[in-house]
Amino acid sequence: MASLKGSRQQGSRQRGLALHLVLIAGLLLSVFPFYWAVIMSTHSSTEIFSYPPKLLPGSHFAENVRNLFDNIDFFGSMGNSLLVAGSVTVLVLFFDSLAAFVFAKFEFPGRRTLFALMMAIFMVPAQMAAIPQFVIMAKIGWIGSMTALVVPAAANAFGIFWMRQYMKGAIHDELLDASRIDGAGFLRQYWHVALPVVRPGLAFLGIFTFMGQWNDYAWPLIALTNPDNVTLQVALSQLNGTHGTTDYGMVMTGALLALVPLLIVFAVGARQIIADLGKGAIR
């Protein structure tokens, strides 16, 4: 009996060890691209293409940064990206959560039809809407301005779907019934009852939306006709030279610096998710 118990414990330890080894391998595979970006940003193009590849930091990071700032308006483009991504994130969090609250907790004529129509729109690739969207923005007179990037992205089907599914399980009908008895109207129910409960879902949607807008390249390239008024991704694409003259050390330095706001947003949002989940577990 004791030998059987010992063999089971040994088997459990072996499975645990194997699981940890797999997780460590996955972690290394995930971290390596970031490590490689750091290494490339510290070398010149000649050193990047040398063999064997250099796996340790070099001494050209300051030079690459100077070349980067000399070739593009890095901070101006970053400010444009922060403005667009931040504005879109705030608007998406508000409009998507408001629409999701209605879909999740209220009955009204045509609810299922509207939701089905929204899901059909969700399945249409964004590239198919580029030409009609450009025509509309041109007729309004928004082409070349940040408004053409912010307003069309102020709400999206994915955010409504995600928040609806989250609210259906997180917000209990008893809470809404109690708030109605206390005299709370629709907006007070949304602001004081629904939003505090679904903050982890909002944090995820905020991270997802900010990253999507920050990394967006195609629509800003089309809509921002003024080359001096572009987002960071479009500005970084201007670093690619022609006829093999690209300075890859400079390009990788720009890509590395462009990651900093994303890491900050992810760290803040992930901390909010973990903190709210912990509070919910205590409750």
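Excluded from the calculations below are hydrogen atoms, water molecules and symmetry mates; all remaining heavy atoms, backbone and side chain alike, are included.
- Within a 6.0 Å sphere centred on CH2 of W36, heavy atoms belonging to other residues, nucleotides or ligands number more than 12.
- Apart from L23 itself, the hydrophobic cluster it occupies contains L19, where clustering links Ile, Leu, Val, Met, Phe, Trp and Tyr at side-chain heavy-atom distances under 4.5 Å.
- Residues that satisfy the side-chain contact (heavy atoms from CB on, under 4.5 Å) test with V151, not counting sequence neighbours, are W142, T147.
- Here A184 pairs with S179, R188, Q189 under the side-chain contact (heavy atoms from CB on, under 4.5 Å) rule; sequence neighbours left out.
- Here the closest non-hydrogen pair linking G76 and D73 is N-OD1, 3.2 Å.
- Every pair tested for salt bridge (charged side-chain N to carboxylate O under 4.0 Å, His left out) that includes a residue from residues 79-89 fails, sequence neighbours excluded, so the list is empty.
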**Request:** Apply the test side-chain contact (heavy atoms from CB on, under 4.5 Å) to residues L68 and L239: give CA-CA distance (whole Å), side-chain angles for both, the deciding distance (0.1 Å), then the verdict.
**Result:** CA-CA 8 Å; L68 174 68; L239 298 176; 3.5 Å; yes
When the side chains of residues 45-54 are checked against the rest of the protein, which donor-acceptor pairs come out under 3.5 Å, sequence neighbours left out?
residue	atom	partner	partner atom	Å
S45	OG	D247	OD1	3.2
S45	OG	Y248	N	2.8
E47	OE1	H43	ND1	2.9
E47	OE1	S44	N	3.3
E47	OE1	H60	ND1	3.4
S50	OG	E47	O	2.6

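- Annotation: ring pair (Phe, Tyr, Trp, His ring centres under 6.0 Å) contacts of F69 (sequence neighbours excluded): F74, F75.
- In terms of the salt bridge (charged side-chain N to carboxylate O under 4.0 Å, His left out) criterion, D70 has no residue partners (sequence neighbours excluded).
- Hydrophobic side-chain contacts under 4.5 Å tie M128 into a cluster, directly or through other members, with V124.
- Counting side-chain heavy-atom gaps under 4.5 Å among Ile, Leu, Val, Met, Phe, Trp and Tyr, the cluster of L27 also holds V31.
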Give the table of side-chain donor-acceptor pairs shorter than 3.5 Å for residues 95-121, with sequence neighbours excluded, one pair per line with atom names and distance.
residue	atom	partner	partner atom	Å
D96	OD1	N156	N	3.3
S97	OG	L93	O	2.4
S97	OG	F94	O	3.1
S97	OG	Y190	OH	2.7
K105	NZ	I171	O	2.5
K105	NZ	D173	OD1	3.3
E107	OE2	R111	NH2	3.2
R111	NH1	F103	O	3.0
R111	NH1	F106	O	3.2

If you look only at distance, which donor and acceptor atoms sit under 3.5 Å apart when one is on a side chain in residues 210-226 and the other is two or more places apart or in another chain?
residue	atom	partner	partner atom	Å
W214	NE1	A258	O	3.1
N215	ND2	M211	O	3.1
W219	NE1	A148	O	3.0
N226	OD1	D228	N	3.1

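- Under the salt bridge (charged side-chain N to carboxylate O under 4.0 Å, His left out) criterion, R180 pairs with D177, sequence neighbours left out.
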